[in-house]
Amino acid sequence: QVQLVESGGGLVQPGGSLRLSCVANGIIFRLYFMHWYRQAPGKQRELVAAITAGGSTDYGDSVKGRFTIARDNDKNTVYLEMNSLKPEDTAVYYCHTKFISDYWGQGTQVTVSS
């Protein structure tokens with residue numbers, strides 16, 4: 001059974017930083033692409049960052065230069081380092097992978113506000 005568990009969200013002031021973590025169980029983690037998505041109230045879920053099995057990365061235009069995705073295959077964990085946070089980054093952040101079907105974590109709330 002595939003399970004993704006996110007952590008690390010919270011309240012941060014504009015310009016601040018947070019690091020999200022997602023632990024994956026039930027898959028051979030090192031073989032799979034991993035993604036971070038986010039969904040703000042009233043908006044569609046959007047792709048924030050992706051990392052391939054080989055470690056290549058890609059980012060949504062709105063977070064390029066501010067966010068970094070990384071993976072630790074020994075810990076079955078994918079990270080999202082978020083810097084220079086803006087109020088428009090406020091959303092629920094989800095970890096995702098696809099193994100025959102799509103799998104999502106439960107989400108972690110990130111709120112950027114003064």
Side-chain angles (χ1 to χ4, degrees):
Q1 181 178 354
V2 179
Q3 186 178 31
L4 305 176
V5 181
E6 302 104 333
S7 62
L11 173 64
V12 63
Q13 292 188 343
S17 299
L18 281 176
R19 188 176 79 156
L20 306 183
S21 301
C22 170
V23 179
N25 295 303
I27 59 172
I28 304 174
F29 179 77
R30 61 183 171 83
L31 298 181
Y32 291 92
F33 285 39
M34 300 297 298
H35 311 99
W36 285 98
Y37 283 80
R38 68 185 181 186
Q39 188 165 22
K43 294 189 176 181
Q44 289 189 332
R45 194 169 292 190
E46 65 170 341
L47 178 65
V48 175
I51 187 165
T52 69
S56 297
T57 59
D58 197 14
Y59 298 91
D61 287 341
S62 61
V63 307
K64 282 180 181 176
R66 300 187 299 122
F67 290 11
T68 303
I69 188 171
R71 65 191 299 156
D72 185 336
N73 291 337
D74 291 335
K75 296 182 179 179
N76 282 14
T77 301
V78 60
Y79 302 98
L80 185 68
E81 184 75 34
M82 304 185 294
N83 298 313
S84 302
L85 282 161
K86 305 174 181 179
E88 51 264 42
D89 294 316
T90 295
V92 179
Y93 284 71
Y94 297 93
C95 181
H96 168 270
T97 193
K98 184 162 186 168
F99 174 59
I100 301 176
S101 301
D102 288 290
Y103 292 94
W104 298 90
Q106 81 285 358
T108 186
Q109 176 71 47
V110 172
T111 303
V112 184
S113 175
S114 55

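Below, each value reflects all heavy atoms present in this structure, side chains not excepted, and no hydrogens, waters or symmetry copies.
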Practice item. Over all heavy atoms of both residues, which pair between Tyr94 and Gly105 is shortest? Give the atoms and the distance, please. Key: CD2-O, 3.6 Å
Check your understanding: Phe29 and Tyr32: same hydrophobic cluster, using ILVMFWY side-chain contacts below 4.5 Å?
Key -> yes
**Study point:** OH/Tyr103: more than 12 non-hydrogen atoms of other groups inside 6.0 Å
**Key:** yes
Check your understanding: Any idea which heavy atoms bring Cys22 and Leu4 closest together, and the distance?
Key -> SG-CB, 4.0 Å
Check your understanding: Does a sphere of radius 6.0 Å around CD1 in Ile28 hold more than 12 heavy atoms from other residues, nucleotides or ligands, not counting ones at 6.0 Å or beyond?
Key -> no
Practice item. Evaluate whether atom CZ of Arg45 has more than 12 neighbouring non-hydrogen atoms of other residues, nucleotides or ligands under 6.0 angstrom away. Key: yes
Check your understanding: With hydrophobic residues grouped by side-chain heavy-atom distances under 4.5 Å, do Tyr59 and Leu85 end up in a single group?
Key -> yes
Check your understanding: Has the side chain of Arg30 got a donor or acceptor atom that lies under 3.5 Å from a matching backbone atom of Asn73?
Key -> no
Point to revise | Short side-chain to backbone donor-acceptor contact, Glu6 and Gly107, under 3.5 Å | key: yes
Review point. How far apart are the closest heavy atoms of Cys95 and Val78, and which atoms are they?
Key: SG-CG1, 3.8 Å
Review point. How many angstroms lie between CE in Met34 and OG1 in Thr52, if you round to the nearest 0.5 Å?
Key: 12.0 Å
Review point. Any idea how His35 and His96 line up, ring-wise: parallel (<30°), tilted (30 to 60°), or perpendicular (>60°)?
Key: tilted
Point to revise | Nearest non-hydrogen partners of Ala24 and Ile27, listed with the distance | key: CB-CD1, 4.2 Å
Exercise for review: Determine yes or no for a side-chain-to-main-chain donor-acceptor pair under 3.5 angstrom, with Thr108 supplying the side chain and Ser7 the backbone.
Suggested key: no
Exercise for review: Would you confirm whether Asn83, through its side chain, and Ser17, through its main-chain N or O, come within 3.5 Å as a donor-acceptor pair?
Suggested key: no
Exercise for review: Answer yes or no: does atom CD of Glu88 have more than 12 heavy-atom neighbours from other residues, nucleotides or ligands under 6.0 Å?
Suggested key: yes
Review point. Salt bridge between Lys64 and Asp61, side-chain N to carboxylate O under 4.0 Å?
Key: yes
